[in-house]
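Notes to accompany the following structure.
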Amino acid sequence: MTTRQEKIYPKVVSTLWLLFVCGFVAFVLYVFAVSANFLNLFGELPNLRTLENPKSELASELYSADNELLGKYFRENRSPVEYDELPENLVNALVAIEDIRFEEHSGIDAEATARVVTSVLTGQSKGGGSTLTQQVAKNLFSTRSEELNGGLLNDVPGLRMLILKTKEWIMAIKLERNYTKKEIMLMYLNTVDFGSNAFGVKVAAKTFFNKKPQDLKVEESAVLVGLLKAPTYYSPIQNPENSKRRRNVVLSQMVKYDLLPEAEYTALKEKDIKLKYSVENQNIGMAPYFRTEAAKSILKWAREHGYDLYADGLKIYTTIDSRMQRYAEEAMATHMKDRQQAFFEHWKGRNPWVDRNNQEIKNFADLAIKRTDRYRKLNERFDGNTDSINFYLNKKIKMKVFTWNGEEERLMSPMDSLKYYKHFLQLGFMAMEPQTGHIKAWVGGINYKHFKYDHVKQGARQPGSTFKPFLYTAAIENGYYPCYEAIDTRNCVPLPDGTMWCPNNADNKYSGQKFTLRKALAESVNSISAFLVNKLGAETLVKTAKRMGITTPLDPTPALALGTSDVTLFDMVGAYGTFVNGGTWVEPNYITRIEDKHGNVIAEFTPKKVEALSEETAYMMVHMLKAAAEPGGTAYYGLRHRNGLKNEIGGKTGTTQNYSDAWFMGITPDLVAGTWVGGEDRAIHFRSIALGQGNKLAMPVYGAFMQKVYADRTLDRSKEPFPKPSAPLSVELDCAKFNGGSMPVDSAQQDEFLNLPTEIDLDADI
């Protein structure tokens, strides 16, 4: 070295050292300024409290009583997983492709960062520099959100990205100081977006492979890890070749770092990706109608108590039994597929919307389309221009439609679609434990994706003769008894306008014979219902039904005795439970408790109870309802012979005018269930009693359901007789012990109604 160089060198070194120190100090001051948001130049950072309680949206989960997941409520479908549920091959795949020095660095990988700087300077990309910890910071704390980036310098070109990366570095270091490596890995895999509305590895494993994370094979883990680079571009659904190529890159990285034997990689890289792909949504899964109705009450509770149902990861435990729910859905599908075919054949060549004279309602479809969202949107779009609206309503397009053999693609206009769907029969079914009010099964319709309307709680229809037990209950409470006899003859009730109400029997005949009340209810004799409502008054009937849990408005007219006011299946099942539960009405309920995301119980629910009937009255009504399943009863053949149900069962069929609504209510000692079947509109129905009555349309679903329930020994459902009251009965229930089988008839009171001059002749209710 020359003398001149000897003199210059110390100065250069000194200058470089000074520059380094100044640069370092400047960098430290810059980082401190960003961290403190000096003069609001950089925007806020999450505080330590936020760091200690990281919040990301978690789906709330709905569970059955037997701990099966029924469904979720979410904006982002994310369910957390524990570290011991992660397979080793998944963790290895992730670090191999994303952050091989994850266990060594403290949040920032100096080597990777230097590689990024070199790439920028040379223009040659050599991979990203973000560690998994930095990505967690970005995912958890939204360091790139506007909320945290409101600083004055954030809009300066070139500075925004530098500030954002600095914040990620700061947050990554804080994460490393406050959490273990396993916790950080878990945070990453629980928050990252895999596409297909799958957030977190638990949901991703189920969405793409229908597996739990711990069951993933190494090649499946590689597919999921490969998705993280670009969920759409590397989607195995949308871009399968890209996905396979990316999977193999992940596997090769595992080989590179000795995390996978090369021989195994060689065998795996040629394999196609095998998926079991299903995106979770409200249209699929078990009990979709129930899940939707349950959400209404849960949302109300959540708003009142400061929770977000769609983000707070609540666990909601219900009364639904997944086995009974499955049996109910199976019974529904088997029966309704068969009856729908019969309905198509019955109306072949004709439209099924008819008036009381079975004549087609000409403007039915035109009026119905105006009630749809499609019509309302078109009306707004074209400002009421009927030509434009009708053009689009009748424009044919390809659409997938429901059939009982699966979805089919057809060329239809919206008007065609409406007419097609109006041809389908609908169903509601609910089963409940009478002692607890716990709802065990809920089927609100035939297919939730295509028919959203719930026919258990949302819809109300005329119950027909299934309403008669309330009338007979009122009669028992007012001194009548099961063996009381009345004559099957024309019984008329005077109306306020001076006319008479004289209902026909189902066969339009009167036998003139004496019927005990038990037999009259079993055979659903309308004339004797008219006799009773005249004696008791319609107001008494209304009060009895309301006391037993009917909440819909009831018109206090004599025709109510035949079920002319709309009720919900939900209320009817609850009311029938009163008979079985010794006279105590228990509010039908379906939520038992709610837990927060940590498993803490934050709410428990107790149903309302009302002593609606005396124990004796309730038992006498059970005794009367049992007659329907005995020889001569409307349910005898269907339940005893078709379904082989030999235990004690009570029930009541119901069919309304023109066969618009078919019902069946069934009771056993520990289960009450109801079925309704009918068209979406009352004008849609069968034209004959042979096809449209309750014991043909509704009762078979109940019978098939109970057959499946009893066959499942894990359910342990009682086949014992109905329990007797705790005190001796005040009346004899064995009618044969009275006067050789007959009871005295209050003939004087009946005679005054035999020859009244004016009558209104209604269609028979069964």
Check your understanding: Taking 4.0 angstrom as the limit, do Arg371 and Asp681 come out as a salt bridge?
Key -> yes

Check your understanding: Can you find a heavy atom in the side chain of Val573 that is under 4.5 Å from one in the side chain of Met665?
Key -> yes

Practice item. Quick one: pull up CG in Asp488 and OH in Tyr510 and give me the separation to the nearest 0.5 Å. Key: 8.0 Å

Practice item. Would you sort out whether Thr551 and Asp571 count as a side chain to side chain donor-acceptor pair (under 3.5 Å), showing the intermediate values? Key: CA-CA 7 Å; Thr551 60; Asp571 283 356; 2.5 Å; yes

Check your understanding: Does Arg687 count as lying over the ring of Trp347, i.e. NZ or CZ under 6.0 Å from the six-ring centre, within 45 degrees of the axis?
Key -> yes

Exercise for review: Looking only at non-hydrogen atoms, find the nearest pair between Ala683 and Ile361 and report the distance.
Suggested key: CB-CD1, 3.7 Å

Check your understanding: Side chains of Asn589 and His438: does their closest heavy-atom pair fall under 4.5 Å?
Key -> yes

**Study point:** Candidate pair Ile320 and Glu68, rule side chain to side chain contact (heavy atoms under 4.5 Å, CB included), full reasoning
**Key:** CA-CA 10 Å; Ile320 295 292; Glu68 290 290 325; over 6 Å; no

Exercise for review: Walk me through it: do His641 and Tyr636 pass the test ring pair (Phe, Tyr, Trp, His ring centres under 6.0 Å)?
Suggested key: CA-CA 8 Å; His641 293 274; Tyr636 174 69; 5.3 Å; yes

Exercise for review: Quick one: do Gln693 and Thr653 satisfy side chain to side chain contact (heavy atoms under 4.5 Å, CB included)? Show the steps, please.
Suggested key: CA-CA 8 Å; Gln693 61 186 310; Thr653 56; over 6 Å; no

Review point. Is any side-chain heavy atom of Glu407 less than 4.5 Å from a side-chain heavy atom of Lys449?
Key: yes

Point to revise | Donor-acceptor contact below 3.5 Å, side chain Asp66 vs main chain Ser322 | key: yes

Review point. Judged by atom type as modelled, is there a donor-acceptor pair below 3.5 Å linking the side chain of Asn281 to the main-chain atoms of Asn283?
Key: yes

**Study point:** Side-chain (His346) to main-chain (Phe686) donor-acceptor, under 3.5 angstrom
**Key:** no

**Study point:** Derivation of the side chain to side chain contact (heavy atoms under 4.5 Å, CB included) call for Leu541 and Phe467
**Key:** CA-CA 10 Å; Leu541 173 55; Phe467 202 80; 4.0 Å; yes

Study note, to complete from the structure: In this structure, CG of Leu378 is separated from OH of Tyr392 (nearest 0.5 Å) by 8.5 Å

Review point. Taking the inter-plane angle between the rings of Phe402 and His450 on a 0 to 90° scale, is it parallel (under 30°), tilted (30 to 60°) or perpendicular (over 60°)?
Key: tilted

Practice item. Please say whether more than 12 non-hydrogen atoms of neighbouring residues, nucleotides or ligands are located less than 6.0 Å from CZ in Arg374. Key: no

Check your understanding: When you measure from the side chain of Thr466 to the backbone N and O of Gly654, does any donor-acceptor pair fall under 3.5 Å?
Key -> no

Exercise for review: Examine distances only and state if a side-chain atom of Gln340 and a backbone atom of His423 form a donor-acceptor pair shorter than 3.5 Å.
Suggested key: yes

Check your understanding: Is the ring centre of Tyr63 less than 6.0 Å from the ring centre of Tyr317?
Key -> yes

**Study point:** Distance (rounded to the nearest 0.5 Å) between Trp353 CH2 and Lys419 NZ
**Key:** 6.5 Å

Check your understanding: Which heavy-atom pair separates Ala561 from Leu471 by the least distance, and what is that distance?
Key -> CB-CD2, 3.8 Å

Study note, to complete from the structure: Heavy-atom closest pair (Gly71 atom, Arg291 atom, distance to 0.1 Å) is CA-CD, 3.7 Å

Check your understanding: Can Ser413 and Asp416 be said to form a side chain to side chain donor-acceptor pair (under 3.5 Å), step by step?
Key -> CA-CA 5 Å; Ser413 70; Asp416 294 334; 3.0 Å; yes

Check your understanding: For Thr578 and Phe470, what are the C-alpha separation, side-chain angles and deciding distance, and is it a side chain to side chain contact (heavy atoms under 4.5 Å, CB included)?
Key -> CA-CA 11 Å; Thr578 309; Phe470 304 129; over 6 Å; no

Check your understanding: Quick one: does Met336's side chain get under 4.5 Å of Trp404's, heavy atoms only?
Key -> yes

**Study point:** Approximate separation, where rounding is to 0.5 Å, of Leu70 CG and Gln325 CD
**Key:** 7.5 Å

Review point. Judged by atom type as modelled, is there a donor-acceptor pair below 3.5 Å linking the side chain of Thr568 to the main-chain atoms of Ala460?
Key: no

Review point. Just wondering, do Met572 and Trp663 contact through their side chains at under 4.5 Å, heavy atoms?
Key: yes

Point to revise | Residue pair Val672 / Phe579, side-chain heavy-atom distance below 4.5 Å | key: no

Review point. Taking the six-membered ring for Trp, are Tyr702 and Phe664 parallel (under 30°), tilted (30 to 60°) or perpendicular (over 60°)?
Key: tilted

Point to revise | Atom pair CG (Leu569) and CZ (Phe429), whose distance is rounded to the nearest 0.5 Å | key: 8.5 Å

Point to revise | Expected output: side-chain Gln462 to main-chain Gly563 donor-acceptor under 3.5 Å | key: no

Review point. Under 30°, 30 to 60°, or over 60°: which ring-plane class applies to Tyr590 and Phe290, parallel, tilted or perpendicular?
Key: perpendicular

Exercise for review: Check for a donor-acceptor pair, side chain of Asn394 on one end and backbone N or O of Asn390 on the other, with a separation under 3.5 Å.
Suggested key: yes

Exercise for review: Can you establish whether the number of heavy atoms outside Lys509 located under 6.0 Å from its atom NZ is more than 12?
Suggested key: no

Review point. Which pairs count as salt bridge (charged side-chain N to carboxylate O under 4.0 Å, His left out) when at least one residue sits in residues 324-344, sequence neighbours excluded?
Key: Glu330-Lys708

Point to revise | Partners passing salt bridge (charged side-chain N to carboxylate O under 4.0 Å, His left out) against Arg518 (at least two apart in sequence or in another chain) | key: Glu630

Point to revise | Whether over 12 other heavy atoms sit under 6.0 Å from Glu720 CD | key: no

Review point. For residues Gln707 and Arg642, is any side-chain donor paired with an opposing acceptor at under 3.5 Å?
Key: no

Check your understanding: Taking 4.0 angstrom as the limit, do Lys626 and Glu648 come out as a salt bridge?
Key -> yes

Exercise for review: Would you name the heavy atoms of Thr544 and Ala474 that are closest together and state the gap between them?
Suggested key: OG1-CB, 3.5 Å

**Study point:** Ring-face cation of Lys422 near Phe424 (centre distance under 6.0 Å, axis angle within 45°)
**Key:** no

Point to revise | Backbone of Ile439 reached by a side-chain donor or acceptor of Thr319 within 3.5 Å | key: yes

Point to revise | Side-chain touch Leu625/Tyr576, heavy atoms, less than 4.5 angstrom | key: yes

Point to revise | Side chains of Ser278 and Ile284 in contact at under 4.5 Å (non-hydrogen atoms) | key: yes

**Study point:** Donor-acceptor side-chain pairing of Thr668 and Lys719 below 3.5 angstrom
**Key:** no

Check your understanding: Hey, is the main chain of Ser527 close enough, under 3.5 Å, to the side chain of Asn491 for a donor-acceptor pair?
Key -> yes

Check your understanding: Does a donor on one side chain sit under 3.5 Å from an acceptor on the other, for Ser465 and Ser524?
Key -> yes

Exercise for review: Quick one: pull up CG in Leu62 and CD1 in Ile298 and give me the separation to the nearest 0.5 Å.
Suggested key: 5.5 Å

Revision key, fill the gap. For Ala59 and Asn77 the tightest heavy-atom approach is CB-OD1, 4.0 Å

